[in-house]
2 protein chains.
Amino acid sequence: MAGSKGSKYFNIFLDYQVWLKAQNREGRVDDQLIELLKEIGLHGSLKKAAIKKGLSYRKAWGDIKEAEEFLELSLIVSTRGGKDGGLSLLTEDGRELIAAFDELHYQFDQAIHRITRQFFNKLNKKDLPETE
Amino acid sequence: MAGSKGSKYFNIFLDYQVWLKAQNREGRVDDQLIELLKEIGLHGSLKKAAIKKGLSYRKAWGDIKEAEEFLELSLIVSTRGGKDGGLSLLTEDGRELIAAFDELHYQFDQAIHRITRQFFNKLNKKDLPETE
DNA sequence: AATCGTTATGTTATATCTTGCATGACCAAT
DNA sequence: ATTGGTCATGCAAGATATAACATAACGATT
């Protein structure tokens, strides 16, 4: 844009997020949830997963619950008591959701790469003689 | 506003959002801001734009201010007093930002259409016996 | 010069979100 | 049977975001 001393958009970048939602029901499945699920799968524990993601156990638990109601399927299966106090494991549906979301992100990352380049090109065309 | 209503998975949709941000500075430019700017351009008034978007004038004003600091350029130019009490108009930079963002969204909508179809295809293959 | 409607900004109240307890259930191992 | 640690869940407390309120500056019009 007008009058530039170098690239104004030098350290500005494009970010994005994708999520699943419904128009009638509450709840959503986003990045944060998927990462939480991954940690559960990794540690077999909801508590450990929450800590790992910097969330309170209360919220982590609520998020999972909410997502399960939203999707109308079980993402984790838990038991309490026993040697380690209890555990939480991913269900098949949970694992499939993760896999699908990962693929989704891969596709988006591909697309954003291309789109981002175009976007800044367009912006810089006005201000920047040199392309970065 | 943001996102697309690509495919349907039980009535679940894929939604997304894109925004500009920096890794050092605060602030960001997102959909909501762009829509606000559009309303300003449409009405020549920050107050009217805020009302139109269901925001308090205070927040709308703060959002613009913040975005301007973030981008280090002026998006609107305002005067107070006069026949109508005052006005706010888009700057050239403001208009260019809007145009660039619109183009960005167009590109994303294109991409998400394709990606969404793939995504739900993948999900449906597992959970849904009947394809719709 | 008094008025009107908007811009401009600090301050206070509200609503929303998250975290932090508190309490119980549960069960392998001691 | 007692213990330890996690799951499960409601409720109070703290943090954050947004709206509401309160002034004041402006300047064309009356």
Side-chain angles (χ1 to χ4, degrees), chain A residues 17 19 21 25-33 35-70 73-91 94, chain B residues 1-2 17 19 21 25-70 73-91 93-94:
Chain A
Q17 183 154 28
W19 62 89
K21 65 170 296 194
R25 272 170 294 158
E26 273 301 299
R28 69 183 239 172
V29 173
D30 59 11
D31 231 48
Q32 194 180 14
L33 183 86
E35 283 174 30
L36 182 61
L37 286 174
K38 283 182 181 173
E39 290 294 338
I40 292 174
L42 218 52
H43 298 101
S45 161
L46 177 49
K47 186 177 187 183
K48 286 201 184 73
I51 291 171
K52 209 71 186 261
K53 297 307 299 175
L55 302 172
S56 61
Y57 172 86
R58 190 63 182 73
K59 173 154 167 54
W61 173 79
D63 286 353
I64 299 280
K65 193 94 187 276
E66 196 177 299
E68 289 185 330
E69 278 170 26
F70 167 66
L73 50 83
S74 294
L75 298 173
I76 67 175
V77 55
S78 307
T79 60
R80 39 188 174 175
K83 178 165 148 302
D84 299 317
L87 55 83
S88 295
L89 301 171
L90 294 176
T91 62
Chain B
M1 196 73 241
Q17 185 156 24
W19 62 89
K21 66 170 298 194
R25 271 171 295 158
E26 273 302 300
R28 70 183 238 172
V29 173
D30 60 12
D31 231 49
Q32 193 181 13
L33 184 87
I34 298 298
E35 285 174 29
L36 183 61
L37 286 174
K38 283 182 180 174
E39 290 293 338
I40 292 174
L42 218 52
H43 298 102
S45 162
L46 177 49
K47 187 178 187 183
K48 286 201 184 74
I51 292 172
K52 209 70 185 264
K53 295 310 297 175
L55 301 173
S56 63
Y57 172 86
R58 190 63 180 74
K59 172 154 168 55
W61 174 80
D63 285 353
I64 299 281
K65 193 95 189 277
E66 196 177 300
E68 289 184 331
E69 276 170 26
F70 167 65
L73 50 83
S74 294
L75 297 173
I76 68 175
V77 55
S78 307
T79 60
R80 42 186 172 176
K83 177 165 150 302
D84 300 316
L87 55 84
S88 293
L89 302 171
L90 293 176
T91 61
D93 285 340

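Within every chain, numbering begins at 1; the chains are lettered A, B, ... in the order of the sequence lines, protein sequences first and strands thereafter. Predicted model only: the values in this text are computed from it and were never measured.
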Please state whether the phosphate of [N], meaning OP1 or OP2, lies under 4.0 angstrom from any side-chain nitrogen or oxygen of [X].
{"X": "B/K65", "N": "C/dT9", "value": "yes"}
{"X": "B/K48", "N": "C/dT6", "value": "yes"}
{"X": "B/W61", "N": "C/dT7", "value": "no"}
{"X": "B/S45", "N": "C/dG5", "value": "no"}
{"X": "B/S56", "N": "D/dT18", "value": "no"}
{"X": "B/K59", "N": "D/dT18", "value": "yes"}
{"X": "B/T79", "N": "C/dT6", "value": "no"}

Treating [X] as the side-chain partner and [Y] as the backbone partner, does any N or O pair qualify as donor plus acceptor under 3.5 Å?
{"X": "B/Q17", "Y": "A/Q17", "result": "no"}
{"X": "B/R25", "Y": "B/F70", "result": "yes"}
{"X": "B/E39", "Y": "B/I51", "result": "no"}
{"X": "B/D31", "Y": "B/I34", "result": "no"}

Value in whole Å for how far the [atom2] atom of [N] lies from [atom1] of [X]:
{"X": "A/E68", "N": "D/dT9", "atom1": "CD", "atom2": "P", "result": "10 Å"}
{"X": "B/L90", "N": "C/dT7", "atom1": "CG", "atom2": "P", "result": "13 Å"}
{"X": "B/E66", "N": "C/dA8", "atom1": "CD", "atom2": "P", "result": "16 Å"}
{"X": "A/H43", "N": "D/dC7", "atom1": "NE2", "atom2": "P", "result": "12 Å"}
{"X": "A/E26", "N": "C/dT16", "atom1": "CD", "atom2": "P", "result": "12 Å"}
{"X": "B/I51", "N": "C/dG5", "atom1": "CD1", "atom2": "P", "result": "13 Å"}
{"X": "B/L46", "N": "C/dT6", "atom1": "CG", "atom2": "C1'", "result": "9 Å"}
{"X": "A/I64", "N": "D/dC7", "atom1": "CD1", "atom2": "C1'", "result": "13 Å"}

Sub-4.5 Å side-chain heavy-atom contact between A/L33 and A/R28: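 Heavy-atom side-chain distance check fails, nothing below 4.5 Å.
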Touch class at under 4.0 angstrom, heavy-atom based, for B/G44 against every strand present: nothing
Sugar-phosphate only, base, or nothing, as touched by A/G86 at under 4.0 Å among non-hydrogen atoms: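 Sugar-phosphate contact only.
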Most 5' of B/Q32 and A/I76 on DNA chain D, judged by nearest nucleotide: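 Mapping each residue to its closest nucleotide by heavy atoms, the 5'-most match is A/I76.
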5' priority, DNA chain D, between A/D84 and B/G82 [closest heavy atom]: A/D84
Given [options], the nucleotide with the shortest approach to the side chain of [X]:
{"X": "A/R58", "options": "C/dT7, C/dT19, D/dA8", "value": "C/dT19"}
{"X": "B/K83", "options": "C/dG10, D/dA28, C/dA8", "value": "D/dA28"}
{"X": "B/S88", "options": "D/dC7, D/dA20, C/dT7", "value": "C/dT7"}

Nearest heavy-atom neighbours spanning A/G41 and A/L90: CA-CD1, 3.6 Å
Check: C/dT6 base within 3.5 Å donor-acceptor of B/R80 side chain: no
Nearest-nucleotide 5' precedence on DNA chain C, A/A60 against A/G81: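 With A/A60 and A/G81 compared, the 5'-side residue is A/A60.
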